[in-house]
Amino acid sequence: MMRLSNKVCIITGSGSGIGQCSALLFAQEGATVIVNDLDIDKGNDTVLQIREAGGQAHFIRADVTNSEEMSRLAEEVIALYGRIDVLFNNAGISGVGALHELEPDVWDRIMSINIKGVYLPSKYVLPHMMKQRFGSIINMSSCIAEIGLARRASYAATKGAVLSLTKSMQVDYAAYNIRVNALLPGTIMTPFVENYLKTSYDNPEAAVSALKSRQLSGELGRPEDVALAALFLASDDSKFMMGSPLYIDGGVVFGKNA
């Protein structure tokens, strides 16, 4: 038995990186995956890969910061499939800079995508989960919610907020048999991170070495590492996890090299 058989799963920001990897894995495990992204080409590419592998997927372009578009997304999924079993709030962006360096418009954009982008999809999916009295919501936080890291003020603020939001949501929706948990990855080598390292450092290889040195594993994470954790939270295997942070960080938060 596949772990997500007959489940309808929405994954925001699933045109690339962790979102795409999770979409492919969820489909392999029997889910009908709703691929959501702003980039039509990337979203359709994820759907194509899923279908070529024999899975089921449907692409909906919608902005996670737009109330009308998130409402439309939820209603379209219900019209097509009659239910929503899993919502993976994966969409997000990074933010770099100490607080005094950040311009207000940059701060507002990061807050909107990373926090409002969890609030709005959840707001419009939750009534359907409440009606069916079942669901799993996975919110993408970060290990940075638990540690201090130089020049990441805006990103840390959003990921700390997502973790706190997760815990409060769980209290509100436990009575409806809806589970709400958070993923807290460390540094994951996604295309976004690779491009950031290449464009932001004179010596990207030295930057990678410095990142690896923070982690007890001595290695950076892969999108597959986070996708497998998301699969666990989406499936009934995690039925006794509620309001919990799940760390996939290679030992950043709780370990320290001598």
Side-chain angles (χ1 to χ4, degrees), residues 4 7-14 18-19 22-23 26 31 33-34 36 60 62-75 77-78 83-93 110-147 154-185 226-227 229-249 253:
L4 297 179
K7 293 187 184 293
V8 177
C9 305
I10 300 172
I11 305 178
T12 66
S14 44
I18 292 169
S22 299
F26 282 25
V33 179
I34 309 303
N36 164 249
I60 301 177
D63 183 346
V64 294
T65 70
N66 185 293
S67 179
E68 292 182 359
E69 293 186 16
M70 282 298 102
S71 175
R72 173 179 57 80
L73 180 145
E75 293 303 324
V77 175
I78 291 298
R83 60 186 298 114
I84 300 171
D85 298 289
V86 177
L87 170 63
F88 182 8
N89 286 312
N90 165 76
I93 60 172
I110 296 167
M111 293 293 137
S112 181
I113 294 173
N114 289 4
I115 302 177
K116 193 175 183 180
V118 172
Y119 156 63
L120 285 177
S122 300
K123 171 179 173 59
Y124 292 110
V125 164
L126 274 163
H128 300 290
M129 289 185 170
M130 293 165 70
K131 184 177 180 179
Q132 67 196 26
R133 301 192 71 83
F134 175 83
S136 174
I137 296 178
I138 306 162
N139 293 331
M140 184 64 85
S141 181
S142 167
C143 72
I144 201 173
E146 301 278 12
I147 62 176
S154 57
Y155 186 70
T158 63
K159 295 307 181 179
V162 168
L163 181 56
S164 293
L165 176 61
T166 298
K167 296 175 182 180
S168 290
M169 288 173 66
Q170 185 61 88
V171 175
D172 288 333
Y173 301 109
Y176 296 93
N177 196 31
I178 298 169
R179 297 185 300 107
V180 189
N181 293 290
L183 292 173
L184 278 69
V226 185
L231 172 62
F232 172 66
L233 294 179
S235 75
D236 294 338
D237 291 347
S238 59
K239 63 182 179 181
F240 205 54
M241 285 189 68
M242 304 181 75
S244 299
L246 182 57
Y247 298 89
I248 319 100
D249 67 351
V253 172

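Counting from 1, the numbers follow the sequence of the chain as shown.
The closest donor-acceptor contact from the side chain of Q132 to the backbone of I84 lies under 3.5 Å. Remark: the backbone N or O of I178 is paired with a side-chain donor or acceptor of Q170 at under 3.5 angstrom. Of the possible donor and acceptor atoms, none in the side chain of N139 sits under 3.5 Å from a partner among the backbone N and O of N89. Formation of a donor-acceptor pair under 3.5 Å by the N90 side chain with backbone atoms of G13 is found in this model. S168 contributes no side-chain N or O that, together with a main-chain N or O of L165, makes up a donor-acceptor pair within less than 3.5 Å. No side-chain donor-acceptor contact under 3.5 Å links S244 to the backbone of N181. Judged by distance alone, with hydrogens and angles left aside, the side-chain atoms of R72 form no donor-acceptor pair with the main-chain N or O of A62 at under 3.5 Å. The backbone N or O of V8 sits less than 3.5 Å from a side-chain atom of D85, completing a donor-acceptor pair. Checked by atom type and distance alone, the side chain of T166 never pairs as donor or acceptor with a backbone atom of V180 at under 3.5 Å. A donor-acceptor pair is defined here as one N or O able to donate and one able to accept, closer than 3.5 Å; no such pair exists between the side chain of R179 and the backbone of F240.
T12 OG1 to I113 CD1: the interatomic distance, rounded to the nearest 0.5 Å, is 11.0 Å. The CD1 atom of I10 sits 12.0 Å away from atom CZ of F26, with the distance rounded to the nearest 0.5 Å. Atom OG of S22 is separated from atom CG of L233 by 10.5 Å, given to the nearest 0.5 angstrom. To the nearest 0.5 Å, the span separating CG on L163 from CG on L183 amounts to 11.0 Å.
Enclosure of atom OH in Y119 is not indicated, since only 12 or fewer non-hydrogen atoms of other residues, nucleotides or ligands lie within 6.0 angstrom. The 12-atom threshold is exceeded at CZ of F134, counting heavy atoms of other residues, nucleotides or ligands nearer than 6.0 Å.
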